[in-house]
Number of protein chains: 4
Amino acid sequence: MASSESSARLPQIIEAAAQCFQERGYLAATLNDIATSVQLQKPTLYHYVKNKNELLFLVLQGTVETYNHALEEVSASSLNPTAKLRRAISQHISLQLEHPGTVTLFRDVEELEKPYRNEIRLALKRYRELLQAIVREGIAQGEFANRDPSMTALFILGAINFVHRWYRPHGPQSILEIAQFYGDSLLMTLRGVDPPV
Amino acid sequence: MASSESSARLPQIIEAAAQCFQERGYLAATLNDIATSVQLQKPTLYHYVKNKNELLFLVLQGTVETYNHALEEVSASSLNPTAKLRRAISQHISLQLEHPGTVTLFRDVEELEKPYRNEIRLALKRYRELLQAIVREGIAQGEFANRDPSMTALFILGAINFVHRWYRPHGPQSILEIAQFYGDSLLMTLRGVDPPV
Amino acid sequence: MASSESSARLPQIIEAAAQCFQERGYLAATLNDIATSVQLQKPTLYHYVKNKNELLFLVLQGTVETYNHALEEVSASSLNPTAKLRRAISQHISLQLEHPGTVTLFRDVEELEKPYRNEIRLALKRYRELLQAIVREGIAQGEFANRDPSMTALFILGAINFVHRWYRPHGPQSILEIAQFYGDSLLMTLRGVDPPV
Amino acid sequence: MASSESSARLPQIIEAAAQCFQERGYLAATLNDIATSVQLQKPTLYHYVKNKNELLFLVLQGTVETYNHALEEVSASSLNPTAKLRRAISQHISLQLEHPGTVTLFRDVEELEKPYRNEIRLALKRYRELLQAIVREGIAQGEFANRDPSMTALFILGAINFVHRWYRPHGPQSILEIAQFYGDSLLMTLRGVDPPV
DNA sequence: AATGAATGAGCCTTCATTCAT
DNA sequence: AATGAATGAAGGCTCATTCAT
C-alpha cells in the first residue's frame with residue numbers, strides 16, 4: 001500500500017510549485033511543469049487548488065509564515081536588541097538561501113490577484129514591523145543610535161534581501177560567514193553615532 | 001518633412017518598452033501594448049527590432065549604460081573615497097527612482113536570451129567592480145576599515161537597490177533625504193572599526 | 001432504517017437534473033451541479049445512471065410520459081371533440097408551466113444519443129397523433145372544418161408550446177386565462193366559424 | 001489576384017458561424033469548426049471577432065435585423081390589416097426556413113452575455129410590437145375581433161415559430177402551402193368568423 | 001452505496017512572429 | 001516604413017468519466 005506517501009499531496013504540490021516558480025518565474029512556469037514534477041496530470045492539480053494564482057498564494061503564504069514565525073520567536077526572546085538583530089539577520093539569510101519560496105516572494109507578489117495580494121502584503125508588513133520593533137527597542141535601551149527606525153528597517157531588509165542574488169553554494173563565502181559579515185556591517189550602522197563627513 | 005521625427009523612432013520604442021516592462025514585467029507586457037503606446041501596429045516593431053527579446057536587451061543596455069557612465073564619472077573624479085561613495089550612492093538612488101528601465105533591470109535580466117544576457121551581466125559586473133574599486137581605494141587610503149571589498153560592494157548594492165521597492169513619490173522622505181540617510185548608514189559601516197559584540 | 005429514503009434516490013436525481021437542465025441547458029449543466037443539489041458527489045451519480053446522456057433521457061422520458069398520460073386520458077374520455085380539445089389545450093399549458101422537464105423536452109431532445117432519441121421521438125409522435133386523432137374526430141363529427149389534420153395538429157402544438165417562453169408567474173394573465181384564450185383561439189380556427197361561447 | 005473574394009471575410013465567418021450554431025447549438029459548436037469551414041485557423045477568427053460570444057451576437061443581430069426589416073416594410077405598406085398579416089406570416093415562415101440564423105435565434109439567445117443579450121432582446125421586442133400594431137390596426141378597422149392584442153401577437157408568434165421544427169424540405173407541404181394554411185388559420189382566429197376565401 | 005483521486009479530451013484564448021502588399 | 005492577415009505554439013481551465021477504496 002502506498003498510503004504513507006499519498007497522504008500529503010497538497011504540500012508536495014506546493015513545494016513543486018515553489019520550485020518551478022523560483023526557477024522560471026510565476027508567469028513562465030506552467031501548470032504542466034508543476035504537475036509533471038509531482039507525477040500528476042495537469043487537470044489533477046485542480047483537485048487541490050482552485051487556480052494557478054491560488055498556487056502562487058499558497059507558496060507565498062507558507063513562505064512568509066516561515067519568515068514571520070522565525071522573527072517572532074526572536075522578538076519574543078529575552079536577548080538584548082543587539083543579539084536579537086544578529087539572530088534575525090542570520091536567520092533571514094539562512095532562510096533565504098534555503099527556502100525555495102523566497103525568490104518568488106520577492107519577485108512575484110505583484111502577480112497575486114486582489115484578495116491574495118492583500119493578505120501577503122499584510123504579512124510582509126508584519127515582518128517589517130517586527131524588525132522595526134527590534135530597532136526601536138535598541139534605540140530605547142541605548143544600544144542603537146537614535147535614527148529613523150522605519151528607514152533603518154528598510155535599509156536592513158534591502159541589504160539582506162539581496163544576498164540570494166549573488167550567493168553561490170560553493171562560492172568563497174559560507175552562509176555563516178555571510179551572516180557574520182552582514183551582522184557586523186549592520187550593527188556598525190546601527191550603533192554608529194556621528195554621521196561621518 | 002517628417003524625416004526628422006521618424007529618425008528617432010527606435011528610441012521612442014525603447015522608451016515605451018521600458019515603460020511597459022516596468023509596469024507589467026517583461027513576460028506580461030505585450031508587443032501590442034508597446035506598439036500602441038507609440039502609435040504603431042505590432043508588426044511594425046519588427047522593422048526596428050529583431051525580437052521582443054532584443055527589445056528587452058535594448059532597454060537594459062541603455063539602462064546599465066546610464067548607470068555605468070554615472071559611476072565612471074564619479075570614479076574618475078578627484079574626490080576622496082568617502083565623497084566618491086556618497087556621490088555614487090546618491091546618484092544610484094536618484095537614477096533608480098527616475099529611470100524607467102531600472103525595475104526591469106533588476107527583475108527581468110534572467111529573461112534575456114543567451115548572448116544578450118551575457119553582455120548585460122558583464123556590464124553589471126563592471127558596475128560592481130567600479131564600486132568595489134572605490135571601496136578598495138578607501139581602504140588603501142585609510143578612510144575605510146579593512147574588510148572584504150567584494151562583500152562590501154554587494155552589501156552596498158543590496159541596500160540601495162531596494163529603495164525603489166518602498167519609495168513613494170509623495171511619501172514622508174524625499175529622494176534627497178533618502179540618499180543622505182543611506183550615505184550616512186553605509187559610511188558608518190565602511191568606516192566602522194571594532195566589530196560590535 | 002434509512003432504506004426507505006434511499007430507495008427514492010433516483011427520482012430525486014432525475015428531478016434535480018430536470019431542474020438543472022431547464023435552467024442552464026443540457027450542455028451547460030454539469031454533473032457537479034446536479035450531484036450537489038441532491039447532496040451527493042459527482043461519481044456517485046454513476047451508481048444510478050450510466051451517463052449524463054441517460055440522465056437527460058430519464059428526464060425527458062418522465063416528462064413525455066406525463067404529457068402522454070394526460071392526453072390519453074382526455075382522448076379516452078366521453079367528451080365531444082370540442083370539449084376534448086379544450087381540455088387537451090388546458091392541460092398542456094398547465095403542465096408546461098409547472099413541469100420542470102418541459103423546457104428541456106422542447107430544447108434539448110437533439111442532444112440525446114441515438115437509441116434514446118428515437119424512443120423520445122416516438123413518444124412525441126404518439127402525442128401528436130393523439131392530438132391529431134381528436135382533430136379527426138371533430139371533423140368526422142362535423143364540429144371542426146375539414147382541413148388537413150396533420151398540419152392542424154402542428155399548428156396547435158406550435159401555438160401552445162410557445163407559452164412558456166413569455167409566461168411570467170406574476171404577469172398580467174393567469175394560467176387559467178391563458179388556457180381560456182388559447183382554447184378560444186384554436187377552436188375558432190378549427191370550427192372556422194364564430195367564436196364559441 | 002484573389003482580391004475579389006478576400007474582400008469580405010467577416011460576413012463569411014458570420015455565415016459559417018450561423019451554420020455551425022444552427023447545426024450543433026452554440027455551446028456544442030467549436031471555433032475550430034467555424035474556422036475550418038471558412039478555411040482559416042482558429043486564432044485567425046480573433047482578428048475579426050472579440051469572442052465566441054460576439055460571434056453569436058453578430059449572427060443573431062444579422063438575423064433579427066432581417067426579420068425586423070421585413071416586418072417593418074409590411075407595416076409601412078398601404079395594405080389593409082388582413083393583407084398585412086398574411087404577408088407578415090408568409091414572410092416570417094419563409095425566412096425561418098431559409099435564413100440559417102433562425103434556429104439559433106430561437107434557441108441560443110440566452111447564451112448571449114449581458115450587453116449583447118439586452119440588445120437582441122430589444123430587437124425581438126420590437127418585432128413583437130410591430131406584429132401587435134398590425135393586430136391593433138385590424139381591430140380598430142373592424143377587420144379583427146376585439147381580443148387582447150398582446151396575447152394575440154404571442155399566439156401568432158408561437159404558431160409560426162414552430163414550423164421549422166417539423167418542416168422537411170421535400171415533405172408533403174411546400175413552404176407556400178404552409179404559409180397559406182397558417183395565414184388562413186390565424187385569420188380565422190383573428191376575425192372570429194367564417195374562414196376567408 | 002459512496003467518494004476522493006486521477007485523467008483524457010478538448011476548448012477558448014493569447015501572443016510573438018511571418019509575409020504579402 | 002507600415003500594416004492587415006494569418007498562424008503555430010502553447011497555456012489555463014472545465015468536465016464527464018473511471019477506478020480503487
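Sequence lines set the chain letters: A, B, ... in the order given, protein chains first and strands last, and positions in each chain run from 1.
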Atom pairs and distances, side-chain donor-acceptor, residues 35-45 of chain D, under 3.5 Å, sequence neighbours left out:
from	atom 1	to	atom 2	distance (Å)
D/Thr36	OG1	D/Asn32	O	2.8
D/Ser37	OG	D/Ile34	O	3.1
D/Thr44	OG1	D/Gln41	O	3.3

Taking Watson-Crick (N1-N3 plus N6-O4 or O6-N4) and G-U wobble (N1-O2, O6-N3), each under 3.5 Å, can you produce the dot-bracket string of DNA chain E? Use [ ] for crossing pairs and | for inter-strand ones.
.||||||||||||||||||||
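With E/dA5, E/dT13, F/dT17 as the choices, the nucleotide that has an atom nearest any side-chain atom of C/Asn51 turns out to be F/dT17.
The salt bridge (charged side-chain N to carboxylate O under 4.0 Å, His left out) test applied to B/Arg121 returns B/Glu110, not counting sequence neighbours. Remark: A/Phe106 engages A/His164 in a ring pair (Phe, Tyr, Trp, His ring centres under 6.0 Å) (not counting sequence neighbours). Partners of D/Leu27 by side chain to side chain contact (heavy atoms under 4.5 Å, CB included), not counting sequence neighbours, listed by chain and number: C/Leu27, C/Ala28, D/Glu111. Residues passing the side chain to side chain donor-acceptor pair (under 3.5 Å) test with D/Tyr48: none are found, sequence neighbours excluded. Partners of B/Leu122 according to the side chain to side chain contact (heavy atoms under 4.5 Å, CB included) rule, which considers only residues two or more places apart in sequence or in another chain, do not exist here.
Defined by atom type and a distance below 3.5 Å, a donor-acceptor pair is present between the side-chain atoms of A/Asn53 and A/Tyr26.
Taking atom CG on C/Leu10 and atom C1' on E/dA2, their separation rounds to 16 Å, with Å as the unit. The distance between atom CG of B/Leu56 and atom P of E/dT17, rounded to the nearest whole Å, is 12 Å. D/Gln12 has its CD atom 13 Å from the C1' atom of F/dA5, to the nearest Å. Residue D/Tyr48 contributes atom OH, which lies 18 Å from atom P of E/dT13 at whole-angstrom precision. As a whole-Å value, the separation of B/Lys52 NZ from E/dT18 P is 14 Å. One interatomic measurement links the two molecules: CG of A/Leu55 to C1' of F/dC13, which rounds to 14 Å at whole-angstrom precision. For the pair D/Ile13 CD1 and F/dG4 C1', the computed distance is 13 Å after rounding to whole Å.
Pairs engaging residues 13-24 of chain B under the side-chain hydrogen bond (donor to acceptor under 3.5 Å, both in side chains) rule: B/Arg24-B/Asp33 [sequence neighbours left out].
Within the structure, every side-chain polar atom (N or O) of D/Arg9 is placed at least 4.0 Å from both OP1 and OP2 of F/dG4.
The stretch residues 27-47 of chain A comes close to DNA chain F through A/Ala29, A/Thr30, A/Leu31, A/Lys42, A/Pro43, A/Tyr46, each having a heavy atom under 4.0 Å from the strand.
Taking all atoms of both residues into account, the shortest heavy-atom contact from B/Thr63 to B/Gly101 is OG1-CA, 3.5 Å.
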